[in-house]
Amino acid sequence: MTTSSSRKGLFVTLEGGEGSGKTTQAGFAAAFLEKMGYKALVTREPGGTQLGAQIRAMVLSPDNGHLDAIAELFLYEADRAQHIARLIVPALEKGMAVVCDRFYDATVVYQGRARGLGAEKVDALHRQWFSFVRPDITLLFDLPAQVGLERAINRVQGHDPEGRFEQEALVFHEKVRQGYLDLAKDNPGRFCIIDAAKDQEAVRLDVEKALAGFLNQKPGPKPLG
Ligand code: TMP
């Protein structure tokens, strides 16, 4: 992270398509960072704050299938604004490691690329308001869209109150995967691609390796704890 607001802390984001296992790995990443001396906070988007939990219910409910793409974009941005102001920046200012399950790359990819609103426009929106908060490292959990989607669908039996994106066609999820891979290519210093098709333990080890590699070459202050 290059911002004054977060220079003391560490901001790690986890990204990937449906069923990539990143939520489980977020807990493992936090445990590893705690071992490295950080106080860690695991959070997510959407839904990291009280307001965010309400927004999450709205954007993920299959009952809102009619949601306009631009309305969807601004709901995610509203969730993020609250999250940055109330949770992320205060934690980073205290020197904590913030492990965030999705951040603005998700908006660039899902709304910008897969929904077709334009990655540049979504990126510009973020830069305009939130350029002071950028991840130090982004772990991209990559696997074929079909495999991830099957995992995600099998995880829930019957009606899923958060299943709006699982209902999208495979082509949507393929755009998401490609969008993330393109972002990783454009930002090689920040992104680290993890093969999420491996089993959970192997992925955990790869996550630890990526974080350890990052911490070893990270200049500047070390954790306060
Ligand atoms: P989750 O599955 O990681 O909990 O994420 C919830 C869904 O929200 C997932 O399908 C991706 C989607 N999403 C967006 O479309 N745009 C965003 O900005 C974020 C953060 C998530």
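Just so you know, ligand 1 is whichever comes first in the structure, and atom 1 is the first atom listed for that ligand. We count residues from 1, following the sequence as given. Source: prediction; values computed, not measured.
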Does ligand 1 have a heavy atom under 4.0 Å from the side chain of Val59, from its backbone, from both, or from neither? neither
Record the part of Lys22 in heavy-atom contact with ligand 1 below 4.0 Å; permitted values are side chain, backbone, both and neither. side chain
Under 4.0 Å from one or more heavy atoms of Thr107, ligand 1 contributes atoms 17 (C), 18 (O)
With atoms numbered from 1 as shown, which atoms in ligand 1 lie under 4.0 angstrom from a non-hydrogen atom of Leu60? 6 (C), 7 (C), 8 (O)
Between the side chains of [X] and [Y], does any donor sit under 3.5 Å from an acceptor?
{"X": "His83", "Y": "Thr43", "value": "yes"}
{"X": "Tyr76", "Y": "Arg102", "value": "no"}
{"X": "Asn154", "Y": "Glu150", "value": "no"}
{"X": "Thr24", "Y": "Arg204", "value": "no"}

Restricting to heavy atoms, the pick from Gln111, Arg102, Arg80 nearest atom 2 (O) of ligand 1 would be Arg102
Nearest-option assignment for atom 20 (C) of ligand 1, heavy atoms, candidates Glu45, Glu15, Arg44, His173: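 Residue with the shortest heavy-atom distance to the ligand atom: Glu45.
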Output a table of donor-acceptor pairs, distance under 3.5 Å, between side-chain atoms of residues 85-92 and any protein atom two or more places apart or on a different chain; print 'none' if there are none.
none

What residue and atom, counting heavy atoms only, is the protein's closest point to atom 12 (C) of ligand 1, and at what distance? Tyr76 OH, 3.2 Å
For atom 10 (O) of ligand 1, find the nearest protein heavy atom and state the residue, atom name and distance (0.1 Å precision).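 Result for atom 10 (O) of ligand 1: Glu18 OE2, 2.4 Å.
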How about CD1 on Ile70, more than 12 heavy atoms from neighbouring residues, nucleotides or ligands closer than 6.0 Å, or not?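 At most 12 heavy atoms, drawn from other residues, nucleotides or ligands, come within 6.0 Å of this atom.
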Between Arg177 and Asp142 (salt bridge meaning N to carboxylate O under 4.0 Å), is one present in this structure?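 Yes, this pair counts.
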With the threshold set at under 4.0 angstrom, would you say Glu162 reaches ligand 1 through any of its heavy atoms?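 Contact absent.
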Any heavy atom of Arg56 sitting closer than 4.0 Å to ligand 1?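 Right, Arg56 reaches ligand 1.
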